[in-house]
Amino acid sequence: MLDGKCVFCGIIRGDIPAAKVYEDEKMCVFKDLEPKAAVHLLAVPKTHFKLLEEMGDSEREILAYMLGKIPQIARQNGCDNGYRLIINQGDDAGQTVFHLHIHILGGEKLGEM
Ligand code: AMP
Ligand code: ZN
């Protein structure tokens, strides 16, 4: 379920410190170490998946669960005027941590994409 060498699995286990803002049995949300916006959170499933394409139909349900939780978590953490979600996939997207994660960016007017 968790990967011994993965930094986000280490955060989920509590072995690596992180500023967690939300946690339940299925997901964890913590502050990005190098924020790219006034609010920059990372939402991660408590199961190690590298990429969306690794997930089966039933495993993919965690994404719907996370998307259901994110609006309230975002609002409670300073994104009360909107936010942007990003899921980087692979090298061309610049993915650096290969544990599936959803970036939550907000707390200010974001630049156009
Ligand atoms: P990505 O480029 O989509 O793979 O995003 C990985 C993100 O994880 C980057 O924004 C990093 O700043 C962030 N990051 C890496 N290590 C940590 C950590 N230990 N705690 C919090 N955020 C981290
Ligand atoms: Zn992991």
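One-based numbering, in listed order, for ligands and for the atoms of each.
With the Zn ion (ligand 2) as the vertex, SG (Cys9) and SG (Cys6) define an angle of 120°, rounded to 10°.
Only side-chain heavy atoms of His101 come within less than 4.0 Å of ligand 1; its backbone N, CA, C and O stay farther off. In Ile86, neither the side chain nor the backbone holds a heavy atom less than 4.0 Å from any atom of ligand 1.
When Met66, Met55, His48, Gln95 are each tested for a side chain to side chain contact (heavy atoms under 4.5 Å, CB included) with Leu100, only one passes: Met55.
Lys26 forms a cation-pi arrangement with Tyr65, by the criterion of a distance under 6.0 Å to the ring centre and an angle within 45° of the ring axis.
The nearest protein atom to atom 6 (C) of ligand 1, hydrogens excluded, is given as Thr96 OG1, 3.4 Å; this is a heavy-atom distance. Protein heavy atom nearest atom 15 (C) of ligand 1, with residue, atom name and distance: Val97 CG2, 4.0 Å. Nearest protein neighbour of atom 23 (C) of ligand 1, counting heavy atoms only, is Leu33 CB, 3.8 Å. Considering only non-hydrogen protein atoms, atom 9 (C) of ligand 1 sits nearest to Asp32 OD2, 3.4 Å.
The CD1 atom of Ile16 lies 10.5 Å from the CG atom of Leu33; values are rounded to the nearest 0.5 Å. Here Glu54 contributes atom CD and Phe98 contributes atom CZ; the two are 10.5 Å apart, rounded to the nearest 0.5 Å.
Take the N/O/S atoms of His99: the one nearest the Zn ion (ligand 2) is ND1. Nearest N, O or S atom of His48 to the Zn ion (ligand 2): atom ND1.
Below 4.0 Å from some heavy atom of Val7 lie the following atoms of ligand 1, by number and element: 19 (N). Within the listing of ligand 1, atoms 21 (C) sit less than 4.0 angstrom from a heavy atom of Lys31. Residue Glu34 approaches ligand 1 through these ligand atoms, each under 4.0 Å from one of its heavy atoms: 12 (O). The ligand atoms of ligand 1 that sit less than 4.0 angstrom from a heavy atom of Ile11 are 18 (C), 19 (N), 20 (N). Short contacts between ligand 1 and Asn88, defined as distances under 4.0 Å to a heavy atom of the residue, involve ligand atoms 1 (P), 2 (O), 3 (O).
Relative ring orientation between His40 and His103 is described as tilted, the plane-to-plane angle lying within the 30° to 60° band.
Comparing Phe98, Phe30, Phe8 against atom 16 (N) of ligand 1, the shortest heavy-atom distance belongs to Phe8.
Here Asp15 pairs with Arg13 in a salt bridge; the nearest charged N to carboxylate O distance falls below 4.0 Å.
What you find for Glu108 and Ala38 is that their closest heavy atoms are OE2-N, 2.9 Å.
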Practice prompt. Show your reasoning for whether side chain to side chain contact (heavy atoms under 4.5 Å, CB included) applies to Phe30 and Phe8.
Written response: CA-CA 10 Å; Phe30 50 90; Phe8 290 173; 3.7 Å; yes
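Look at Gly94 and you'll find a heavy atom under 4.0 Å from some atom of ligand 1.
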